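Working notes for the structure below.
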Amino acid sequence: MKEDTPYLEIEGGFELSGEVRVSGAKNAVLPVLAATLLVPGIYRLARVPRLLDLYTMLELLEYLGASFRWEEDLLVVDTQRVEGWEAPYALVSRMRGSILVLGALTARFGRARVAKPGGCPIGPRPVDLHTRGLALMGARVEDQNEIWVEAPQGLRGAEIVLDFPSVTATENLLMAAVRARGRSRIVNAAREPEVEFLGRFLEAMGAKIRGLGTGVLEIEGGRELTPPSEPVTIIPDRIETGTYLMLAGLCGGEITVAGTEPQYLEAPLLKLREAGLEVEWEADRVYARATGPLRPLKVVTAPYPGFPTDLQAQIMVLLTQAHGISRITENLFKERFRHVPELQRMGADIEQEGGIAFVRGPTPLRAAEVKAHDLRAGASLVLAALAAEGVSRVYGLEHLDRGYEALEEKLRALGARIRRRREESFAAGRPSWAARGG
C-alpha cells in the first residue's frame, strides 16, 4: 500500500457489548433526493446520514441547479432553480444511485441525459429495465455510453412488467409515473422498504399510489405535486442494523441496536436465531447475544423480503465461527464474493464454486492486512478484524465511507479498539462544501 493510504487499525479478540443507534438508510435518502427534482420547491429531510454517497448525490443536484443547507439536524434542499437535465460521467461514475435522477428529470423536463452509472464492482447491473419502462411510457431512448431520453410531449401512463424486481428501476419508473398523464401499473415491482418509503414520500407530495409494499404498483399520474409540508424523516438503515447484530456472535457480549425497524429484518433475524443467537426485538430495538456454539446455516440471497444480498458478506464472517459447514448462495450479484480471498487471508476456511460458497468452521481468525473492494465487503472485513486475535489493517475506506455513518465512533461505544490512520478518506473524498453549515 502507498504510505498515505488511509486504513482502519483494529485490535481484535475482545468482547463487545452495549448499545448502538443506527442512522437513516442510505438507500432510502438517495431516491428521495432524486424525487426533489420532480417539482420545484423546498424540501426538508430529517435523520439524513452524512455519507460519501449522500454528498455525491448533493453535488449532482447542485450541478443541476439545486442548493442545500443544514439547519441543525435537518437537510434543506431547494430545487426551485433547477434547469439542468444532464448528469455527467464525472459525477455519475462515482455512485450507481445517480441513475435515480433519470426518471425525475424526464418527468420534469421531457428529456434527460445520464451517463452510465458506477458504484461498487459487484457485477453487471444493466439499466435496460429503466429505459424499457420509460419507452413504454412514450419516451424515445438511446442507450449507449450515455442514456438519452426524450419525451417532448410528456410521458403517458403505461403497464410495465419488470423482468426482475429491480429496486432502482422500480423507483425510477415510480417517479416518472407520478407525473405521467393517465394511469400506470408496475408489475413485479421491488418490495423493499426503501421503495415503499419513496412511495410514501411521493404521496406526501400529492401523488396517488396503490399497492406500496407489494409487487404491483398502480399510479394515478398527472396530479398536482408540491413539496411535503412537514419535514420527512428517513427510515432506519436495516443493513447497518444487521451488520452490528453479527457482533454478538463474533465477539460475545450483548448487542442492542436502537432506532431501528425490526419488521424490515425478518429474514436476517430468523437466520441469526437459527444460527444459535438469542435474538429479541421490540418497537425500535433489537437485542442479540450468543448463548452457546453457533450452528451452520444455508443462506440464499433474494429480493425483499428474502435474505438481503447486502448482508451476505457479513453473515459469511459469522459462519466462520459456526460448528459445521455452511452454504451461502448469492443469487443477485455474481461478483459479490470478492471478500472471500481477504477472509481466507485471515484464516477463514471458505471454498467458492461459482455463486455458492461453502464455509467450514469454527476457524480461528487471525489479524492481517486486507482491502475492501466494495461497501459490504468492507463491513465484513471490519467484523472479521474485530473477531481476530491481533492487530489488523483494513484498507479501501472509500467504500466503507459510502454507507456507514460514524462507523468507528459507534464501534468504540461497544468497546472496540479501532481507529483511522493516515489521511481521512471521507474528508478527502467529499466536496469542499460538504460540511457547509453542518
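Being a predicted model, the structure only gives us computed values, none of them experimental.
If you take CD1 on I328 and CD1 on I315, they are separated by 7.0 Å, rounding to the nearest 0.5 Å. Atom CG in L319 sits 9.5 Å away from atom NZ in K271 (nearest 0.5 Å). Separation of atoms CZ (F358) and CD (E353) is listed at 5.0 Å; rounding is to 0.5 Å. For the atom pair NZ (K298) and CD1 (I356), the distance works out to 10.5 Å, reported to the nearest 0.5 Å. If you take CD on E194 and CD on E196, they are separated by 10.0 Å, rounding to the nearest 0.5 Å. Summarising the geometry, atom CD belonging to E62 is positioned 10.5 Å from atom CG belonging to L91; distances are rounded to the nearest 0.5 Å.
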T301 vs E330, test: side chain to side chain donor-acceptor pair (under 3.5 Å). Steps then yes/no.
CA-CA 5 Å; T301 64; E330 174 55 63; 3.1 Å; yes
Please lay out, stage by stage, how L277 and T291 fare under the test side-chain contact (heavy atoms from CB on, under 4.5 Å).
CA-CA 6 Å; L277 291 177; T291 56; over 6 Å; no
Quick one, Y244 with L383, criterion side-chain contact (heavy atoms from CB on, under 4.5 Å). Give me CA distance, side-chain angles, the key distance, then yes/no.
CA-CA 9 Å; Y244 290 125; L383 294 179; over 6 Å; no
Using side-chain contact (heavy atoms from CB on, under 4.5 Å), reason through Y43 and V232 one step at a time and then give a plain yes or no.
CA-CA 8 Å; Y43 300 78; V232 174; over 6 Å; no
Side chain to side chain donor-acceptor pair (under 3.5 Å) for R289 and Y287? Distances and angles first, verdict last.
CA-CA 7 Å; R289 68 187 181 100; Y287 312 88; over 6 Å; no
Under the side chain to side chain donor-acceptor pair (under 3.5 Å) criterion, do R376 and Y404 qualify, and how do the steps go?
CA-CA 10 Å; R376 306 309 173 183; Y404 289 90; 3.0 Å; yes
Please determine whether side-chain contact (heavy atoms from CB on, under 4.5 Å) holds for the pair M175 and L100, giving the CA-CA distance in whole Å, both sets of side-chain angles, and the decisive distance to 0.1 Å.
CA-CA 9 Å; M175 284 186 274; L100 288 165; 4.3 Å; yes
Tell me, with the steps shown, if R360 and E351 meet salt bridge (Lys or Arg N to Asp or Glu O under 4.0 Å).
CA-CA 9 Å; R360 293 177 176 83; E351 291 184 12; 3.2 Å; yes
Evaluate S380 against Q314 for side chain to side chain donor-acceptor pair (under 3.5 Å), listing each step before the verdict.
CA-CA 5 Å; S380 75; Q314 297 92 311; over 6 Å; no
Does the pair E405 and R47 meet the rule for a salt bridge (Lys or Arg N to Asp or Glu O under 4.0 Å), with working shown?
CA-CA 11 Å; E405 183 181 35; R47 201 184 190 184; over 6 Å; no
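The pair E19-R285 meets the salt-bridge criterion, with a side-chain N (NZ, NE, NH1 or NH2) lying under 4.0 Å from an Asp/Glu carboxylate O. In this structure, R132 pairs ionically with D163, as a charged nitrogen and a carboxylate oxygen lie closer than 4.0 Å. In this structure, E159 does not pair ionically with R183, as no charged nitrogen and carboxylate oxygen lie closer than 4.0 Å. By the 4.0 Å N-to-carboxylate-O rule, R412 lies too far from E408 to be salt-bridged with it. Using a 4.0 Å cut-off between charged side-chain N and carboxylate O, E9 and R420 make no salt bridge. Salt bridge absent: K208 and E218 never bring a charged side-chain N and a carboxylate O closer than 4.0 Å. Ion pair E230/R44 not flagged as a salt bridge, since none of the NZ, NE, NH1 or NH2 atoms sits closer than 4.0 Å to an Asp/Glu carboxylate oxygen.
Between W70 and L75, some side-chain heavy-atom pair lies under the 4.5 Å cut-off. The closest side-chain heavy-atom distance from L217 to T170 is below 4.5 Å. Within the 4.5 Å cutoff, no side-chain heavy atoms of L381 are placed close to those of L400. Within the 4.5 Å cutoff, the side chain of S326 has no heavy atoms near those of the V299 side chain. L269 has its side chain within reach of L245: a pair of non-hydrogen atoms, C-beta onward, lies under 4.5 Å apart. In this structure the side chain of L38 reaches within 4.5 angstrom of the side chain of R179, judged on heavy atoms. By the 4.5 Å heavy-atom criterion applied to side chains, F201 and L45 are counted as neighbours. Between R191 and P305, the closest side-chain pair of non-hydrogen atoms falls below 4.5 Å.
Considering every non-hydrogen atom in both V279 and A288, the closest pair reads CG2-CB, 4.3 Å. Scanning both residues, G249 and L294, for their nearest heavy atoms gives O-CD1, 3.9 Å. Nearest heavy atoms, V22 versus P236: CG2-CB, 3.9 Å. Taking all atoms of both residues into account, the shortest heavy-atom contact from G157 to A180 is N-CB, 3.9 Å. Taking each heavy atom of D53 and L30 in turn, the nearest pair found is O-CD2, 3.8 Å. The minimum heavy-atom distance linking P31 with E171 is given by the pair CG-OE2, 3.7 Å.
Side-chain polar atoms of D374 and H399 form no donor-acceptor pair below 3.5 angstrom. Side chain to side chain, H339 and Q312 meet the donor-acceptor criterion of an N or O pair below 3.5 Å. Donor-acceptor pairing under 3.5 Å is recorded for the side chains of T260 and T241. Side chains of S23 and K410: a donor on one and an acceptor on the other come within 3.5 Å. Side-chain atoms of Y89 and R94 form no donor-acceptor pair, as typed in the model, at a separation below 3.5 Å.
Shown are V127, T168, V149; of these, the side chain to side chain contact (heavy atoms under 4.5 Å, CB included) with L102 is made only by V149. The side chain to side chain contact (heavy atoms under 4.5 Å, CB included) with F68 is formed by just one residue from the set L61, L33, V76, L58; it is L58.
For E11 (side chain) and R417 (main-chain N/O), no donor-acceptor pair under 3.5 Å exists by modelled atom type. Although no hydrogens or angles enter the test, the distance criterion places no donor-acceptor pair under 3.5 Å between the side chain of N188 and the main chain of V161. Not a single donor-acceptor pair under 3.5 Å links the side chain of T320 to the backbone N or O of T363. Judged by distance alone, the side chain of S184 and the main-chain N or O of A158 form a donor-acceptor pair under 3.5 Å.
Around the CG atom of D349, the shell of radius 6.0 Å holds more than 12 heavy atoms that belong to other residues, nucleotides or ligands. Counted within 6.0 Å of CD on E274, heavy atoms from surrounding residues, nucleotides or ligands total more than 12; the atom is thus considered enclosed. Heavy-atom neighbours of R419 CZ from other residues, nucleotides or ligands within 6.0 Å: at or below the threshold of 12.
Figure legend: cation-pi geometry between R421 and Y7 absent, as NZ or CZ is not positioned both under 6.0 Å from the six-membered ring centre and within 45° of its axis.
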